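For reference, the structure is listed below as structure tokens.
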Amino acid sequence: MEQGSLLAKISEASCNIRSVLEMAGSLQVTLKPEPSVEERELANAAADQYEQNLTVNEDLKQMLESNKDSAKLDAMKRIVGMIAKGKNASELFPAVVKNVASKNIEIKKLVYVYLMRYAEEQQDLALLSISTFQRALKDPNQLIRASALRVLSSIRVPIIVPIMMLAIKEASADLSPYVRKNAAHAIQKLYSLDPEQKEMLIEVIEKLLKDKSTLVAGSVVMAFEEVCPDRIDLIHKNYRKLCNLLVDVEEWGQVVIIHMLTRYARTQFVSPWKEDPASFSAQDISALGMNQDCVIKDGVLEEDNEKDFYESDEEQKEKDQKVKKPYAMDPDHRLLIRNTKPLLQSRNAAVVMAVAQLYWHLAPKSEAGIVSKSLVRLLRSNREVQYIVLQNIATMSIQRKGMFEPYLKSFYVRSTDPTMIKTSKLEILTNLANEANISTLLREFQTYVKSQDKQFAAATIQAIGRCATNISEVTDTCLNGLVCLLSNRDEIVVAESVVVIKKLLQTQPAHHGEIIKHMAKLLDTITVPVARASILWLIGEYCERVPKIAPDVLRKMAKSFTNEDDLVKLQILNLGAKLYLTNSKQTKLLTQYILNLGKYDQSYDIRDRTRFIRQLIVPNEKSGALSKYAKKIFLAQKPAPLLESPFKDRDRFQLGTLSHTLNTKAIGYLELSNWPEVAPDPSVRNVEVIELGKEWSVALGKAKKEKPTEKFYSDSEEEESASTTDTESESTSESEKEKNGKEEGSSMENSESSSEELSDSESESKEGSAKKKFKTTEESDSDDTEKKTKMISKKRESSGSSDSESSSTEESSSDSESESDSESDAESRKHKNAIASKRKQMAVPEKKASSKQDVSLLDLDDFNPVSTPVAVPTPAILSPSLVADLEGLSLSRSSVIDVSSPIFVPMKTHELLHRMSGKGLAAHYHFSRQPCIYGNQMVSVQVTLTNTTDQKLENIHVGERKLPAGMKMHVFNPIEFLEPEESITVSMGIDFCDSTQTASFQLCTKEDHFNVNIQPPVGELLLPVTMSEKDFKTEQGMLTGMNETSTTITVAPQNSTRLVLLEKVVKAANLGVVPSGQDNIHRFSAKTVHSGSLMLVTVELKEGSTAQLIINTEKTVIGSILLRELKPVLSQG
Amino acid sequence: MIHSLFLINCSGDIFLEKHWKSVVSQSVCDYFFEAQEKAADVENVPPVISTPHHYLISIYREKIFFVSVIQTEVPPLFVIEFLHRVADTFQDYFGECSETAIKDNVVIVYELLEEMLDNGFPLATESNILKELIKPPTILRSVVNSITGSSNMGETLPTGQLSNIPWRRAVVKYTNNEAYFDVIEEIDAIIDKSGSTVFAEIQGVIDSCIKLSGMPDLSLSFMNPRLLDDVSFHPCIRFKRWESERVLSFIPPDGNFRLISYRVSSQNLVAIPVYVKHIISFKENSSSGRFDVTIGPKQNMGKTVEGVIVTVHMPKAVLNMNLTSTQGSYTFDPVLKVLTWDIGKITPQKLPNLKGIVNLQSGAPKPEENPSLNVQFKIQQLAISGLKVNRLDMFGEKYKPFKGVKYITKAGKFQVRT
């Protein structure tokens, strides 16, 4: 304590000194026309003091001594007003203290207020009041006892420490939980007054920790954290109780308890994150190794897992199972994670954040995702809450992108957000950027760059730079976009762009001579020192790439050297030195001139640098061996800067703490320990020896009976955990499911019938519509029940054997998918002949399938409403909506553009399955370049299957599919048999989502299944469109900046004729030819299959067999890949 | 935890201080003023400031900074949430949380702060309990008090604090028993230049006013509870019941309180009730620009859109605006460069339009970005998400309460990029 009080005194003293200094400072500035704030305050304070001393005090004293309560009350109110304003009222102490025993409650309370404020200063007089409190401590009314203890312990007078200690001890054994709560508060107060009492206080804490009242729990844990946070052993016995009480504790207590339990758990349990593949059971692998698109399954699975653990544990019989599993979560660990989950729905942001950090630090990685939704909810809250939550999300999003990816749009910036919120959001958006969403993000960033808030615009440019380095596909695009920004009017924007471009060029200095030249020109106009310095550094570093310009720049800089900023001067010196070493003939004199200027500069930094450089580069007798290596020193390969998030190492602090927010260790920060290698003995948490024999859940049930009033919310939960027989819990969950199933059935009906209405016009020709309607509803019903039973049986299975589980989940999901598929397939078959417009027909089943999928997702959600919230907005859903967005965009403006038939269909086939590895089954595929009949977002693929064996191959079909998020696939109908030496061609549709990701699936025969995959060349992700040259130009005009990528290539001579060039290009990519007025410019247009974004390709032949290749598209990723692929096509013969 | 609290007004005067542990000198606020100066805008003052010996955590509410002094590690949200709770309590007690209200009621404020925090740890933050301890000021009471000299301290000691339902005060009695629920939904959206929705979600709350005698146990059920996918609850709600049956079951606090707040985020569920057509352009090398905005109803389920206000933060270079509106009135603040167009009700027959000339400072470069439009509106009798209350049942008491539900949809952060 002495240390503490010393610190406090020091701090106070330093504060005083500081304010005095400041006053002194302000006094010094005599030129100020008005008195400064401090001066005025000083004057006011002095005047107040004066006034107070003369009149008010006497007045008040008299009032306090009067017989009337009303006068006393009036006086006390005025005194409190003085205290509130920070005025000194200590003189009145004797007069006030007399009233401590007043009968009037309000006077009494106000006297308490006064006492707490001044007792420390007037210790002797304060002792007068003690006896009153001591009497009150024995009062029969618990509230009076409590408040007496509160005031007594708040009077910071060291002499009464023994009295306080006694009072606390007594109060901690009080019958009233409210008094015990106050005792817990008093512990901290006494501890801060006299740390010597620690040992005794710990005894009291130990006693109070055992308390079963929810009122006490929060306060005593607070006291524990303050007095003896390292005595983790005190928690053992109370751990389970705290976990179970948690929901009923008041919200402030919850925060404290959760933080304490997080620390506790990190010392007591082994890490649930261990990733040792060899020791995984099949279950774990499927749970952890799943892709993002399988989160739904994941959720279900985990939930099952969870149940599994409990059941096995509560029954304490499945020890053999435990032996099999290398990692099984300690049931106590699971208890904590489970019991904190409901609190995510608290109205208190601090509680939600506390749970979120607990999940982050303790839960298995697959489960931590459930907190993201709640955190995103907090973003609606006040500015301050947003700020803190965004910071924490930023830290989380670096390590686990997947958690917040579905909520990408929640972090979009509004122009009305405060700058600090904007930058935090931007930080998160940058962290979340990946190949799939980068084009959307870059479009969003384009809006931000134009923002009126220039500080934010600059931050956006940095963000673009970071995206460019992290995602190599868009580097060129970003670079081009940034170069465009160089012509911006705002200097801050230009400067920031220069700095970012410099960093980008450094990461890949391949062929950017042009950009460097461009930037060299900027030197004439730009004035921001950092930007000038960056340009100079770039020119110096790559002076060999711009041999003509560099010396000229040096000449110009030599002229303006004296007027430059120090930062720029240093870079001029650098540039001089580098040029001197590479091109001494031209620059020797210039460099020496600059060195001479530098020698007499005002800044010692520059003089110093000058001296250093001169010694290093100018050879003379005196210079040592070092000058021989000057070239190596100056022109060494510099490592490229890593553009990293400023939140990168924040995770060394526990999330949600002050230290995390400040990014420095705050006073009293308690380190979160690493997981122990081996878990300490878990039996320490067992409550009593007698109970150890039984299951402790039964003990809990007992506890509940003892004090039924205390459990308010957790009733049903208690029951649940008390029900040891798994059948019971299962039956309830089953009935729940059934209910949901019913509901879902009706909703399904709805969606079905609504889509039905759409397709009616077509189907009526075949069957009576009424009949059909009936049929479909029936169908959906039966589907339902089927699914339901499947789920249930799956649950059953899962409790039995863990191995079969993963496969069954996967199966069921793939089943449901194929169900919808086959249905839509059948539908489309039926309609095939009847319909005139092809497109419309395709739209119908497509829509149906998607609506259906939505429904099934909702279903899963219902099966377990708690655990799957992550699942709902996975990319699978997000991307269609995004796609819809994009579609809306492209439709709205490109009404003139029609899909045309391909000009050229390459016959090149790709191998899908070699006959050796396929046990005789060979498969090849090629892209037919026709609009796919299965869906207008799909690419049609022709697969040729050949039987090279001498036996019949039966039942050839597509089995399990592993598609990246958002990708869809329409498979061919199973082939019943394939005769030896026979081959058959079937068509499939694959929606690649406009990416070159691989579609993997299994090709199955009756006996075997083979893993195969199809990766589309980027040229096949397009559909040719026809448009006029004029349209092309207007479209191109809209797709500039970030949306444009270009390169210069050397064209092989034989390619330079029009026909050959056209042939080559359309062969490489499915592009349509746009008629062109000029002979040397060739234009091609297409749209992407999935999103329908335009892809405009221009080849402009120039003199000397070079050509400019330009691609304009919103889909920047595909654009740059296409650019890369077209390059060799044109340059090779 | 929380050491001291300073209330600071916009002009930088510390008008109230309260210490829960030893006294911290006012000079600690200098660090805050320093940060405030650096931030330029009040909105940008960082909520957490580190000083050599203390940490300052602040919130900004109703033109007052609540600055708390912290000495050791504490979750910052804990403090922020508490400070907001303090501001809410002031609002609740005095009708407004302004500097004058606080100064006028300084004694009550002090008494409240004393009860809310003990040694820096929150003690009683439920409004029901606080009101039992300290009665809120009313004109009648203050007159009576000044005559009889009685106090605004509760005569009876609060029992709510001791019960297992700490949010409800004991022995409630009403002659008319009523329970009202307001379902209020706000649409947050970003609409891009071409009119398509970039981002949209619905933020809903159910605010309740419950004046029921005794200990009623209510359960509120919805027609379509599955709409609510992300909900936060008042502590009175039984969580397990919601989990299993999707029914809100609770013993309510007495008076006004927020029962739940929820979020409907799935984008296709969010109907956007208005559309905005806009042409805002600035000519290169000329000191004027065009401004033409029309607003019309869309997907409003046959309800009238009313209380429409469009606010535009014009670029700095704008000098003034000469506009004519077909409906409503507009004002342009030439200092803040804010255009406010108060339209009122939208009638589909004649769409409100505001157009005219924007004058720029001569010589200033053409603004790069068009300003975004912030739209406010209100639709009565409609919850845009389609949420519907099914029924309210009461158990535990015999009388028949009067029940009522009101729906309203509003624009939240509704922004149209141009």
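Every chain is numbered from 1 and lettered A, B, ... according to where its sequence line falls, protein lines coming before strand lines. Predicted model only: the values in this text are computed from it and were never measured.
Chain B forms more heavy-atom pairs under 4.5 Å with one residue of A:Glu250, A:Lys665, A:Glu225, A:Arg117 than with any other, namely A:Arg117. When the candidates B:Lys18, B:His19, B:Arg417, B:Lys316 are compared by the number of heavy-atom contacts under 4.5 Å with chain A, B:Arg417 comes out ahead. Comparing A:Ser154, A:Gly668, A:Gly86 by heavy-atom pairs within less than 4.5 Å of chain B, the highest count is held by A:Gly86. When each of B:Thr72, B:Ile59, B:Val48 is checked for heavy-atom pairs under 4.5 Å with chain A, B:Ile59 comes out on top. Each of B:Asp188, B:Val106, B:Val79 has some count of heavy-atom pairs under 4.5 Å with chain A, and the biggest count is that of B:Asp188. In terms of non-hydrogen atom pairs under 4.5 Å with chain A, the most contact-rich of B:Ser261, B:Pro46, B:Pro315, B:Ser50 is B:Pro315. With chain B as partner, the option from A:Ser410, A:Gly81, A:Ser147 having the largest number of non-hydrogen pairs under 4.5 angstrom is A:Ser410. Ranked by heavy-atom pairs under 4.5 Å with chain B, the first of A:Met420, A:Arg150, A:Lys85, A:Lys181 is A:Arg150. Put simply, of A:Met116, A:Lys450, A:Arg347, the one with the most heavy-atom pairs under 4.5 Å next to chain B is A:Arg347. Of the listed residues (A:Arg156, A:Glu251, A:Glu120), the greatest number of heavy-atom pairs within a distance under 4.5 Å of chain B belongs to A:Arg156.
Looking at A:Gln345, A:Arg377, A:Lys373 one by one, the single match for side-chain hydrogen bond (donor to acceptor under 3.5 Å, both in side chains) with B:Asp230 turns out to be A:Arg377. B:Pro75 pairs with exactly one of A:Gln357, A:His259, A:Gln654 by the side chain to side chain contact (heavy atoms under 4.5 Å, CB included) rule, that one being A:His259.
Relative orientation of the B:Phe199 and A:Tyr412 rings is tilted, given thresholds of 30° and 60° on the angle between their planes.
Using a 4.5 Å cut-off between heavy atoms, B:Arg85 touches chain A through its side chain atoms alone. Contact of B:Glu114 with chain A is made through backbone and side chain together, with heavy-atom distances under 4.5 Å. When heavy atoms are compared at a cutoff of 4.5 Å, B:Phe78 approaches chain A by way of both its backbone and its side chain. Interface remark: A:Gln386 contributes side-chain atoms only to the contact with chain B (heavy atom separation under 4.5 Å). No part of A:Val351 comes within reach of chain B, as not one of its non-hydrogen atoms sits under 4.5 angstrom from that chain. With a threshold of 4.5 angstrom between heavy atoms, B:Ala317 does not approach chain A through any atom at all. The contact between B:Phe82 and chain A is made by backbone and side chain atoms together, counting heavy-atom distances below 4.5 Å. Residue B:Ile80 touches chain A through its side chain alone, counting heavy-atom pairs closer than 4.5 Å. Residue B:Leu7: no heavy atom, backbone or side chain, is found under 4.5 Å from chain A. Contact annotation for A:Val385: both backbone and side-chain heavy atoms come within less than 4.5 Å of a heavy atom of chain B. Only the backbone of B:Ser58 comes within contact range of chain A, judged by heavy atoms closer than 4.5 Å. Residue contact with chain B, scored on non-hydrogen atoms closer than 4.5 Å, is absent for A:Val493. Heavy atoms of A:Val389 lying under 4.5 Å from chain B belong exclusively to its side chain. With a 4.5 angstrom heavy-atom cutoff, B:Asn374 touches chain A only via side-chain atoms. Using a 4.5 Å cut-off between heavy atoms, B:Asp41 does not touch chain A at all. Neither the backbone nor the side chain of A:Ser381 comes within contact range of chain B, judged by heavy atoms closer than 4.5 Å. No part of B:Val205 comes within reach of chain A, as not one of its non-hydrogen atoms sits under 4.5 angstrom from that chain. If you measure heavy-atom distances from A:Tyr669 to chain B, the contacts under 4.5 Å come from both the backbone and the side chain. For B:Lys103, no part lies near chain A; criterion is any non-hydrogen pair under 4.5 Å. For a residue to count as touching a neighbouring chain, one of its non-hydrogen atoms must lie under 4.5 Å from one of that chain's; by this rule B:Phe33 does not touch chain A.
Under a 3.5 Å cut-off, the side chain of B:Glu81 and the backbone N or O of A:Ala349 do form a donor-acceptor pair. At least one donor-acceptor pair closer than 3.5 Å links the side chain of B:Glu73 to the backbone N or O of A:Leu658. In this structure a side-chain-to-backbone donor-acceptor pair under 3.5 Å is missing from A:Lys77 to B:Val107. Checked by atom type and distance alone, the side chain of A:Arg414 pairs as donor or acceptor with a backbone atom of B:Lys413 at under 3.5 Å. With hydrogens and angles disregarded, a donor-acceptor distance shorter than 3.5 Å links the side chain of B:Tyr55 to the backbone of A:Ile667.
Atom OG1 of A:Thr419 and atom CG of B:Asn44 lie 4.0 Å apart (nearest 0.5 Å). The CG atom of B:Asn119 sits 11.0 Å away from atom CG of A:Asn182, with the distance rounded to the nearest 0.5 Å. Here the NZ-NZ distance, from B:Lys21 to A:Lys189, works out to 10.0 Å after rounding to the nearest 0.5 Å. The distance from the OG1 atom of A:Thr416 to the NE2 atom of B:His313 is 7.0 Å, given to the nearest 0.5 Å. Rounded to the nearest 0.5 angstrom, B:Tyr110 OH and A:Leu110 CG are separated by 11.0 Å. Rounding to the nearest 0.5 Å gives a distance of 10.5 Å between OH of A:Tyr407 and CD of B:Glu201.
Remark: B:Glu115 engages A:Lys109 in a salt bridge, criterion side-chain N to carboxylate O under 4.0 Å. With respect to the salt-bridge test (charged N to carboxylate O, under 4.0 angstrom), the residues A:Glu384 and B:Arg61 do not qualify.
Residue B:Phe121 comes nearest to A:Gly218 through the heavy atom pair CZ-O, 4.4 Å, listed as atom of the first residue, atom of the second, then distance. For B:Pro76 against A:Thr657, the heavy-atom pair with the smallest separation is CD-C, 3.5 Å. Taking each heavy atom of B:Val42 and A:Arg383 in turn, the nearest pair found is O-NH1, 3.9 Å. Of all the heavy atoms in A:Met353 and B:Leu77, the pair that sits closest is CB-CD1, 3.3 Å. Heavy-atom minimum distance, B:Glu17 versus A:Ile83: CG-O, 3.9 Å. When all heavy atoms are compared, the tightest approach of A:Ser415 to B:Ser372 is OG-OG, 2.7 Å.
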(message) Using the rule given for side-chain contact (heavy atoms from CB on, under 4.5 Å), can you reason through B:Leu123 versus A:His185, listing the C-alpha separation, both sets of side-chain angles and the distance that settles it, and then say yes or no?
(response) CA-CA 10 Å; B:Leu123 194 63; A:His185 284 248; 4.1 Å; yes
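Under the 4.5 Å side-chain criterion, counting only non-hydrogen atoms from C-beta, B:Glu43 is not in contact with A:Ile421.
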